[in-house]
Amino acid sequence: MGIKNFIETVKESLGLDDFEKKNKKKSIKSLLKKLNDKKAKLAVELNNKKTSKKQKKEFEEELDITNIQIKNGEKILSKLEA
Amino acid sequence: MLKKILLPTILVILGYGFWISPDFKEIAAGVAIFLFGMLALEEGFKAFSGGTLEKILQKSTDKLYKSIGFGIIATTVMQSSSLVSVLTISFLGAGLIGLAQGIGIVFGANIGTTTGAWLVAGFGLKVKISAYAMPMLVFGVILIFQKAKSLRGIGYILAGLGFLFLGIHYMKDGFEAFKSTIDLAAFGGTGLKYLFIFTGIGVFATVVMQSSHATLVLIITALSVGQISYENALALAIGANVGTTITAIIGAMSSNIVGKRLAGAHLIFNVITGFIAIIFMSQIMYSVDIVSSAVGIAADDWTLKLAVFHTIFNIIGVLVMVPFIDRLVVFLETSLKDKAITSSSTSVDHVKYLNNSVLELPGTAMVAIVNETKHLYENAFEIINHGLNLKRANIVSSMPLEEVVKDVYSDTVIDIDDFYNRKIKGIYGEIIDFSTKAQSAMEPEDIEKLYKIKLANRDIVEAIKGTKHLQKNLVKYAASPNEHIKWQYDTIKKDLAELLRNINIIATTDEEDVILLLLSKAKVHAEKHDIIANGKLDSLIRDGLITNEMATSLMNDSAYAYDISKNLIEMAEVVFVNANSDLRDLGDDMMMSEEDIDNIVTKDK
């Protein structure tokens with residue numbers, strides 16, 4: 001057995017690949033939570049009547065970016081869970 | 001001069017010794033084989049330091065007790081406090097750990113090294129150790145000839161252990177035969193005078209052999225056959241502890257200032273511990289008797305009692321010194337100053353993290369290169385700010401950008417070439433040179449990462465060059481009576497100021513969502529603010545608001561500003577975003593695609 005195969009077998013038997021996957025899942029879930037919180041905050045700011053036009057434009061842009069990132073994050077999560 | 005005399009003198013003494021005594025030859029051969037074993041062992045462990053060791057190190061040294069624990073375990077496994085010290089110096093030099101953590105590791109290594117005495121006294125002398133040496137050597141050498149790096153590493157470790165065991169066997173045999181011709185114990189004695197003499201011999205022997213382990217094995221084997229007295233053996237062990245710092249000092253010579261400080265800490269710690277052991281010798285010996293009888297060591301088992309003594313005095317040393325670590329750090333930082341920092345600000349800046357001692361450790365070398373790139377960016381940040389006529393302090397503050405642009409750094413054009421020559425050129429050259437050398441020990445995937453870091457360095461340099469081109473017109477049109485062109489140049493400045501501020505936040509925060517948002521925003525703004533693409537330039541010309549000359553300048557400078565933004569964003573993505581472990585794990589999938597950016601830019605239009 002080659003050394004690479006040996007390492008793969010050990011990784012498999014110890015469940016190290018799963019461990020990596022779990023870590024990745026944990027990271028993406030925590031990031032998605034932060035992004036969703038951010039999205040909620042931005043929505044509140046956008047509905048606030050006191051927010052200036054310039055600020056609103058800025059928040060809209062941030063909301064667009066956050067939405068794209070949430071979409072990307074969810075895509076990664078569904079791949080990991082598949 | 002001393003060096004030139006020392007080596008021939010040692011060789012002559014050894015030659016004379018071999019001529020008059022074949023037993024001495026056997027002991028010396030044992031020491032030589034033992035030292036060769038240490039070299040092989042070190043080589044073996046280096047094969048596994050390509051990332052794994054560094055990862056463990058980063059996670060296990062954030063608290064002092066963890067650093068000490070790491071030092072104990074690493075030295076117990078590697079059986080070489082010198083190797084652990086030298087590796088720690090490399091890690092420190094590369095900026096992987098701080099001085100306090102490094103000191104913790106060295107303290108732990110001092111405790112870890114005592115396991116060697118236990119192994120030799122408890123196992124090495126009681127079992128026919130050479131029986132284990134032979135198969136280890138055979139298997140080890142076979143594995144050394146394999147192509148796979150990890151197999152070679154295992155081979156070196158096995159061969160190293162084999163040689164260590166074989167060396168101990170020869171030393172033991174030599175001393176047993178030596179006893180029948182000369183009784184070394186007759187030269188010994190008791191009292192303070194002999195305590196200092198034997199401590200001195202211990203220091204000298206360790207400095208020559210550069211291994212406290214070898215000295216200790218020599219002491220234990222000599223003690224086991226009664227060639228030295230128990231009291232003299234204790235003094236020799238104290239000397240060996242002090243002498244071992246020479247390896248770290250030699251290792252620190254090729255390192256930077258932090259490495260030198262750690263070697264200083266090692267020396268201070270071992271000298272103070274040695275003094276404590278000498279001053280409280282009778283008390284420590286008494287506690288050795290108590291501990292020995294408690295764990296069932298016979299009253300006349302001097303070799304194991306020596307191991308107990310070695311452990312007790314090193315633990316006492318750590319307990320005494322731990323409360324003073326912070327003061328020790330302050331003392332070393334004030335007494336050993338960085339020449340590059342102490343010299344005037346007009347001097348040439350040098351690399352901070354690159355030193356040849358980390359070239360053999362790919363993971364550490366990578367960290368050193370990333371840290372040096374960050375250092376290069378710090379300098380570039382200053383140059384770009386001044387080149388754009390902005391104040392650095394304003395950028396890193398929360399001052400509104402409109403005010404940041406108005407508060408200019410200088411009324412005249414600053415000499416970017418001079419800044420570049422002093423603060424960028426040398427460091428950039430050394431990063432590229434070091435990277436080229438370091439990649440020869442790296443795996444293909446690491447080489448790919450290194451390539452990206454090299455590109456990030458090039459991006460930094462390109463951004464400075466872009467600033468240089470931009471600078472002249474920025475100053476010129478800042479005082480222009482034409483409000484439109486003045487406004488355009490102020491906008492370019494403001495956009496770049498915003499980018500510099502965002503990169504500064506990215507570099508200093510741990511919040512992944514903030515990093516992602518700011519980086520995405522920077523990408524969107526770079527496209528949005530491109531006045532050639534957004535049609536702004538066309539409308540200025542069409543409406544006759546700026547002259548042809550102004551239009552040409554604005555078109556060129558807008559392109560420079562766009563390139564600066566692109567370069568800095570790409571650099572930040574490699575150097576700062578990938579440094580965040582969570583984001584690095586998620587890879588490029590979380591980053592916005594060009595299509596996403598275009599959609600946001602188009603929506604805004």
Listing, residues 72-82 of chain A side-chain donor-acceptor contacts under 3.5 Å, not counting sequence neighbours, or none:
unit_1	atom_1	unit_2	atom_2	d
A/Ser78	OG	A/Glu74	O	3.3
A/Ser78	OG	A/Lys75	O	2.9

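Put simply, CD on A/Glu60 and CD1 on B/Ile600 are 11.5 Å apart, with the number rounded to the nearest 0.5 Å. Atoms CG and CD, on B/Leu517 and A/Glu61 in that order, are 8.5 Å from each other to the nearest 0.5 Å. Put simply, CG on B/Asp513 and CD on A/Gln69 are 8.5 Å apart, with the number rounded to the nearest 0.5 Å.
Only the side chain of A/Ile68 comes within less than 4.5 Å of a heavy atom in chain B; its backbone stays farther off. Neither the backbone nor the side chain of B/Val514 comes within less than 4.5 Å of any heavy atom of chain A. The parts of A/Lys34 that come within reach of chain B are both its backbone and its side chain, each placing non-hydrogen atoms under 4.5 angstrom from that chain.
Atom CD of B/Glu402 sits in a crowded spot, with more than 12 heavy atoms from other residues, nucleotides or ligands closer than 6.0 Å. Other residues, nucleotides and ligands place no more than 12 heavy atoms under 6.0 Å from the NZ atom of A/Lys39. By the neighbour-count criterion of 12 heavy atoms within 6.0 Å, atom NZ of A/Lys26 is sparsely surrounded, having that number or fewer from other residues, nucleotides or ligands.
Under the 4.0 Å criterion applied to side-chain N and carboxylate O atoms, A/Lys33 and B/Glu512 are not assigned as salt-bridge partners.
Chain B forms more heavy-atom pairs under 4.5 Å with one residue of A/Ile28, A/Asp37, A/Ile65 than with any other, namely A/Ile65.
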